[in-house]
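Start at 1 and go down the list; that is how both ligands and their atoms are numbered.
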Amino acid sequence: MPELISYELVQDDALCVAVLTVNNPPVNALSHGIRVGLVNTISRFSEDAQADIAVLVGAGRTFVAGADIKEFGEPLQAPDLEEVNAALDGLQKPIVCVLHGTALGGGLELALSCHYRVALATSRVGLPEVHLGLIPGAGGTQRLPRLTGIAAAADIISSGRQVPAAEALELGIIDEIAVGSNPEVAGIAFAKTLVTEGRSLRRTCDQTDKIERDHENSDLFRELIETARRNAKGQQSPVTSVESVIAAASLPFEQGLIQERRIFDALVETDQSKALIHAFFAEREVGKIPELATGKARDLNEAAIIGGGTMGSGIAMALLTAGFKVRMLERDQDGAERGKTNVHSLLDGALKRGKINAEQHTNLSNIAFSVTTDVSNLSDADIIIEAAFEDMDIKKTLFRQLDAHAKPDAILASNTSFLDIDEIASVTSRPENVLGLHFFSPAHIMKLLEIVVGKQTSPDVVATGFALAKRLKKVGVRAGVCDGFIGNRILDNYLNLVTNLVEDGTSPYDIDAAVTSLGFPMGPHQMLDLAGLDIVYANRRRKLAAGWVGRYSADYLDRITQQERLGQKTGRGVYIYADGDRSGQPDKEVISILADIQAKKDIAPRSLRAEGIRKRFMAAMINEGARILEEGIALRPLDIDMTMIFGFGFPRWRGGPMKYADLMGLDAVLADIRRFEEEDPDFWSPAKLLVDLAERGQNFDSLNKPSQTK
Ligand code: T1G
């Protein structure tokens, strides 16, 4: 087993350089063994009379990318990272750190404790601990502001963003951008320059001119806190991270470290941090599905899209920017022109925002993308994604045609948001090559991609779906076949709840306010107005025609929709949208429509307070999620969490509905549902899985077993 930290003396002319290399693939995470190795090799360098100067580098694709998150929640084994950094601070000989790849979190903190920092041109640095509900816990909030000043440090730490090398140089985080791509060579070259120029130790903790400059700037501090609070949208650690940075301007270094560690230790215990760490690992685990054990992803280069409407053009855009050649089929010339215009306007927007350059814009618009009305022109496509009207007969007709013209191993996918993939596959000669690829609008922006696996879909095709998601930089989630798969099924369920609560007397505007207070970007009625009330109206009509079971209480939405008030696109829906105002104002007419309906149905309106709305809203999602798990539509609870976070605005710092349930305690969730069941037994029967887990004292996370495909 290679050494975790290697120590090698390199003689370069008169200079003897100790090269310390961190070797812990894949990202050189600072596990306990690495921390022990670092303390030992730092002390070895200190005592090695031969070594004039040291260079610290990471082996493999990146310098240290942070503490080992897998160790969180375990008892901390000494030395902790701050002890390693203190050992660096204690050195009497200079040490240079070379950054490459992504030097993040504890990795950057380690580098900040070295005397000098050199970065390869393509490297990026950052302190992303807030994405885990934490703050830097090994001096980052005290050392970074000493190099950059308070404002830049607050921005970098509270946003958790990655800083490109050029900006890091400008801010004073690094001293030089190295030429070439070999960290050790770059480090030795820089070390030689240091010695030639007679530059010696330069401890970061001793650099105080920038924090002294900011010392009394209370206006700046207030503004930094307010900015962090506004951007955090209810998450705690971005705000406390700024408080820790600001403390660097007034506290001596050692006291600043103590305060930082106190804040860090408190945050580790919070539900927000547990939820965010869950989301971090779930986002990587969700792509590990059983089919990968046998399935082999096919090469995809040429894609075809059926339909040039909003979804079809969004999917085409996602494929084009991921390097695919894309041919769009529309039924006639007008449709083809419309589809072409839609895609070209998306490309123009990307050019305007600097996402693509002029050359890419020309190539994508005129070479990579084309439209046709002749289905025989799709015979070269490796994958064909149908994004036509949501009608089963239309889809079946299309899939018969595609099956007749597509090449034998072409994959045929439907972007349907709820229709039965098995029924669609049944009209083709290749059901093993058929699956659902459910994109979310706007398809070139939303990260969620539900990969709907039919009874006969082959493992190769499933594996190809996940490889496509990765290539599109989306989060692929495996879903079984049912009405609405995972996300829309949960959405349907909580919209049902919402319309029940509104008809029973809770204002739609109170519902939205309560839901946004949970951390959602918008409430259900704001979301309906954005999507278009006609979309869900059609869905309700379809379900009523199919024999909807349960209480129907969306009359108020039907009445609004039937008045052609479809939401933002018509300037009026549940809310009124004055010109250009996308936030919307409550509409008295909606309240009178509700009063009229309640009078007609002899309902004595009973309004819920915010807490009652929040509890019901979350419990509905958890209960339907448990049913989706019971039926095997979702593989694991984490798949449901990823779906709701990446497709439906569930706040990441709550971890998704199933993690939220675990943090609440399944007993408490079940008690809520039993109470609600007394009010409305129709809607609130608790899922059997939830009851079983609660009775066994287990939680949903116990079902997130490590993937079968390591
Ligand atoms: N600890 C443990 N495992 C990690 C890890 C980490 N910090 N980072 C990545 N992995 C695993 C990951 O789970 C996956 O495992 C594999 O490495 C490849 O990752 C004291 C307390 C570095 C940008 O938050 O942002 O330092 O699935 O698929 O797309 O103040 O990983 O293969 O089994 O993401 O190339 C701060 C988190 C920690 C960085 C690479 N650092 N990592 O992205 O690969 S807290 C972070 C990332 C901290 C200090 C505090 C990304 C990446 P598997 P990947 P990638």
Side-chain angles (χ1 to χ4, degrees), residues 22 24-35 38 58 60-74 76-86 99-113 122-144 153 156-157 159-164 237 240-241 244-245 257 260-270 273-274 276-289 292 447 466 469-471 473-476 638 642 652 704 706-710:
V22 180
N24 186 22
V27 297
N28 285 323
L30 286 162
S31 62
H32 174 243
I34 293 291
R35 300 193 302 272
L38 280 169
R61 63 183 168 117
T62 180
F63 183 66
V64 174
D68 187 339
I69 307 172
K70 295 186 177 77
E71 289 183 355
F72 288 3
E74 309 294 328
L76 182 72
Q77 287 177 289
D80 69 17
L81 183 55
E82 188 37 44
E83 286 171 67
V84 176
N85 292 340
L99 305 173
H100 78 288
T102 45
L104 301 173
L108 180 58
E109 290 176 300
L110 188 64
L112 294 176
S113 303
T122 53
S123 62
R124 304 166 73 81
V125 302
L127 292 168
E129 287 83 346
V130 291
H131 296 325
L132 300 171
L134 303 170
I135 68 167
T141 65
Q142 305 303 304
R143 289 188 177 90
L144 187 64
I156 291 167
I157 292 173
S159 65
R161 69 185 175 89
Q162 293 186 9
V163 179
S237 65
T240 47
S241 73
S244 191
V245 167
L257 284 184
E260 174 192 85
R261 174 41 66 94
R262 186 177 50 71
I263 295 172
F264 178 88
D265 288 347
L267 286 170
V268 168
E269 300 308 318
T270 60
S273 180
K274 290 171 187 156
L276 284 164
I277 291 171
H278 162 73
F280 174 84
F281 286 117
E283 191 177 343
R284 288 153 180 82
E285 194 65 24
V286 73
K288 296 171 185 170
I289 41 119
L292 293 187
K447 284 196 67 146
F466 277 83
K470 199 169 175 84
R471 186 165 162 189
K473 295 190 173 45
K474 290 183 180 291
V475 176
L638 68 86
M642 290 296 99
R652 188 183 175 94
N704 284 329
S707 61
Q708 292 79 6
T709 58
K710 265 289 176 207

>> Show the atoms of ligand 1 that are less than 4.0 angstrom away from any heavy atom in Gly66.
In response: 26 (O), 41 (N)
> Among all residues two or more places apart in sequence or in another chain, which pass the side-chain hydrogen bond (donor to acceptor under 3.5 Å, both in side chains) test with Glu83?
Replying inline: none
>> Do Ser113 and Asn85 pair up side chain to side chain, a donor and an acceptor below 3.5 Å, judged on atom types alone?
In response: yes
> Any idea which part of Phe72 is under 4.0 Å from ligand 1, heavy-atom wise: side chain, backbone, both or neither?
Replying inline: side chain
> Phe264 heavy atoms, cut-off 4.0 Å: which ligand 1 atoms fall inside?
Replying inline: 21 (C)
> Should you measure from each heavy atom of Pro136, which atoms of ligand 1 turn up under 4.0 Å away?
Replying inline: 30 (O)
>> With nothing but distance in play, are any N or O atoms of Gly137 less than 3.5 Å from an N or O of ligand 1?
In response: yes
> So which of Leu81, Leu104, Asn85 gets nearest to atom 25 (O) of ligand 1, if we judge by its closest heavy atom?
Replying inline: Leu104
> Does a donor on one side chain and an acceptor on the other come within less than 3.5 Å for Glu260 and Thr141?
Replying inline: yes
> Out of Lys288, Arg261, Glu82, Lys470, who gets a non-hydrogen atom closest to atom 27 (O) of ligand 1?
Replying inline: Lys288
>> Closer than 3.5 angstrom, by distance alone: can the side chain of Ser273 be matched with the main-chain N or O of Thr270 as a donor-acceptor pair?
In response: no
>> Does any N or O of ligand 1 fall below 3.5 Å from an N or O anywhere on Arg284, backbone included?
In response: yes
> Is the backbone N or O of Leu638 less than 3.5 Å from a side-chain atom of Asn704, with the two atoms forming a donor-acceptor pair by type?
Replying inline: yes
> Is any N or O atom of Phe281, backbone or side chain, closer than 3.5 Å to an N or O atom of ligand 1?
Replying inline: no
>> Suppose I only count heavy atoms of Asp68 and a 4.0 Å limit; which atoms of ligand 1 are within that range?
In response: 1 (N), 2 (C)
>> Using side-chain heavy atoms (C-beta onward) and a distance below 4.5 Å, is Leu134 in contact with Phe264?
In response: yes
> Against heavy atoms of Glu129, which atoms of ligand 1 measure under 4.0 Å?
Replying inline: 26 (O), 30 (O), 45 (S), 48 (C), 49 (C), 50 (C)
Contacts table for residues 101-109: side-chain donor-acceptor under 3.5 angstrom, sequence neighbours left out:
residue	atom	partner	partner atom	Å
Thr102	OG1	Thr62	OG1	3.4
Glu109	OE2	Gly137	N	3.4
Glu109	OE2	Ala138	N	2.8
Glu109	OE2	Gly139	N	3.3
Glu109	OE2	Gly140	N	2.8

> Under the 3.5 angstrom rule, does the side chain of Arg124 hit a backbone N or O of Val163 as a donor-acceptor pair?
Replying inline: no
> Would you call Pro136 and Gln142 a side-chain contact if the rule is heavy atoms closer than 4.5 Å?
Replying inline: no
>> Tell me whether Asn28 contacts the main-chain N or O of Gly58 through its side chain, where contact means a donor paired with an acceptor under 3.5 Å.
In response: no
> What atoms of ligand 1 come within less than 4.0 Å of a heavy atom belonging to Pro26?
Replying inline: 16 (C), 17 (O)
> Any idea which of Val27, Val130, Leu127, Leu132 brings a heavy atom closest to atom 5 (C) of ligand 1?
Replying inline: Val27
> Are any of the side-chain heavy atoms of Val22 and Leu38 separated by less than 4.5 Å?
Replying inline: yes
>> Below a 4.0 angstrom heavy-atom separation, can you tell me which part of Arg61, side chain or backbone, both or neither, approaches ligand 1?
In response: side chain
> So which bit of Thr102 gets within less than 4.0 Å of ligand 1, heavy atoms only: side chain, backbone, both or neither?
Replying inline: side chain
> For ligand 1, which atoms, with element, lie under 4.0 Å from some heavy atom of Lys70?
Replying inline: 2 (C), 3 (N)
>> Using modelled atom types and a 3.5 Å cut-off, is there a donor and acceptor pairing between side-chain atoms of His131 and backbone atoms of Phe280?
In response: no
> Taking only heavy atoms of Gly106, which atoms of ligand 1 are found under 4.0 Å from at least one of them?
Replying inline: 26 (O), 48 (C), 49 (C)
>> Looking at non-hydrogen atoms alone, which of Gly160, Ala65, Gly105 comes nearest to atom 41 (N) of ligand 1?
In response: Ala65
> With only distance considered, is Glu109 within less than 3.5 Å of ligand 1 through an N or O on each side?
Replying inline: yes
> Which bit of Ala67 gets closer than 4.0 Å to ligand 1, counting heavy atoms only: side chain, backbone, both or neither?
Replying inline: both
